2 protein chains.
Amino acid sequence: MWERGYEAVSPRDLLDESGAGQGSLYHHFKGKLTWRQWLFGEVSDEMCEFARETVGMDGSALDRVFRYLDVSRDGLKGCRMGRFAAESSIAEASLRKPVERYFRELQRILAGVFREAQADGEIAKRLDANELALMLITVVQGGFVVSRVYRDRNAINRATETAKSLLKSLPTR
Amino acid sequence: MWERGYEAVSPRDLLDESGAGQGSLYHHFKGKLTWRQWLFGEVSDEMCEFARETVGMDGSALDRVFRYLDVSRDGLKGCRMGRFAAESSIAEASLRKPVERYFRELQRILAGVFREAQADGEIAKRLDANELALMLITVVQGGFVVSRVYRDRNAINRATETAKSLLKSLPTR
DNA sequence: GTCTATAACGTGATAGAC
DNA sequence: GTCTATCACGTTATAGAC
């Protein structure tokens with residue numbers, strides 16, 4: 001599902017792979033939609049937690065931002081939340097909300113660390129911390145897109161590396 | 001199709017909307033696949049041409065890069081090529097190739113302008129022009145992703161604006 | 001070259017035995 | 001709580017009249 005997209009995975013695929021029979025899914029969930037609502041909630045929580053752990057508390061603020069960028073990503077797979085954005089079912093609010101929750105939380109975390117970096121004189125204060133955080137998120141999400149198009153699992157890692165270079169090259173005020 | 005994704009559009013949708021009957025599509029194309037191969041080729045060419053026109057020849061090199069970033073984008077729609085990356089049919093080479101062709105050409109154009117900017121002393125020479133171009137493309141593509149997740153058609157434009165700020169803040173050597 | 005009708009298949013969902 | 005069998009529907013594709 002991570003690789004093919006949520007819409008491309010049918011309940012039958014899931015049941016075949018798990019070895020369960022047709023009816024089992026419908027005992028635990030009302031249908032495909034409620035199953036995906038549950039799944040998105042789980043994945044969203046998990047990824048928020050992972051983001052918090054990655055950024056962590058130790059090291060300089062800028063190093064903590066770099067730690068997020070340095071996560072090794074397989075560009076041929078995709079972000080388990082972001083890859084969902086292109087699918088038409090993003091229109092369904094109950095499916096979009098957990099995705100949005102993850103991105104908002106990620107942006108909040110990164111913006112906080114940027115503000116620390118600014119307070120510590122690592123990054124110029126005239127740049128907006130919220131907007132910087134948003135841009136980093138777009139580099140990662142766009143990195144997945146370009147990796148898949150180029151069939152190059154490392155294109156995304158080169159993009160985050162360039163973002164690091166830019167941040168490092170920035171004057172501190 | 002631009003808004004819902006290629007996979008979500010059936011031949012019937014197309015024929016209903018265009019007012020043509022069921023069989024007409026299959027007179028002109030072998031099937032849905034060959035139709036999309038043709039379509040992707042057309043869109044790819046069109047977007048390459050648009051990129052060349054946008055960057056253009058007049059103005060300073062850095063201004064020409066900014067002109068690409070300044071294109072007003074509706075984040076709720078999506079890139080007519082990039083949005084396809086998340087779909088599972090990207091695995092089909094005949095569909096992926098035109099998409100890749102557009103991205104490679106775009107990266108080539110932007111990298112060329114970055115090299116000019118470096119020659120003119122607008123951008124530090126130690127940054128890799130190819131990698132900078134790649135990163136800008138990821139900002140745009142990721143901008144579409146975040147815009148759709150946030151339901152905010154301007155999130156993408158804020159991201160490209162931040163990328164401009166970063167490039168402007170950079171020391172020239 | 002376009003139309004209507006329809007085939008063949010896969011999907012999401014349900015029924016009812018165990 | 002899980003299983004097999006099956007339904008109703010939408011999809012891609014084809015047949016054959018006009």
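Computed from a predicted structure; not experimentally measured.
If you measure from atom CG of B:L25 to atom C1' of C:dT4, you get 16 Å, rounded to the nearest angstrom. Rounded to whole Å, the distance from CH2 on A:W35 to P on C:dT11 is 12 Å. Per the geometry, CG belonging to B:D16 stands 14 Å off C1' belonging to D:dT12, to the nearest Å. When rounded to the nearest whole Å, the span between CG of B:L15 and C1' of D:dT11 equals 12 Å. In this structure, the CG atom of B:L14 is 10 Å from the P atom of D:dT12, given to the nearest Å. Rounding to whole angstrom units, CG of residue A:D13 and P of C:dC9 are separated by 18 Å. As a whole-Å value, the separation of A:F29 CZ from C:dG12 C1' is 15 Å.
Taking side-chain N and O atoms only, A:Y26 has no distance below 4.0 Å to OP1 or OP2 of C:dT14. Distances shown here put a side-chain N or O of A:H28 below 4.0 Å from the OP1 or OP2 atom of D:dT2. Between B:S10 and D:dT12, a side-chain N or O to OP1/OP2 separation shorter than 4.0 Å is present.
Considering only the side chain of B:H27, C:dG1 comes nearest among C:dT11, C:dG1, D:dT12. With D:dC3, C:dG12, D:dA13 as the candidates, the nucleotide lying closest to the side chain of A:S24 is D:dC3. The listed nucleotides are C:dC3, D:dC3, C:dA13; the one nearest the side chain of A:A20 is D:dC3.
Residue contacts shown for B:G23 include a base, since a base heavy atom lies under 4.0 Å away.
Positionally, the nearest nucleotide of DNA chain C for B:R12 lies more toward the 5' end than for the other of B:R12 and A:K30.
By the 4.0 Å N-to-carboxylate-O rule, B:K97 lies too far from B:E100 to be salt-bridged with it. Using a cutoff of 4.0 Å between basic side-chain nitrogens and carboxylate oxygens, A:R158 and A:E161 are not scored as salt-bridged.
Under the rule for a side-chain contact (heavy atoms from CB on, under 4.5 Å), B:A119 has no partner lying at least two apart in sequence or in another chain. Contacts of A:D74 classified as salt bridge (Lys or Arg N to Asp or Glu O under 4.0 Å), with partners at least two apart in sequence or in another chain: A:R153.
Using bins of under 30°, 30° to 60° and over 60° for the plane-to-plane angle, the ring pair A:F29/A:W38 lands in the tilted bin.
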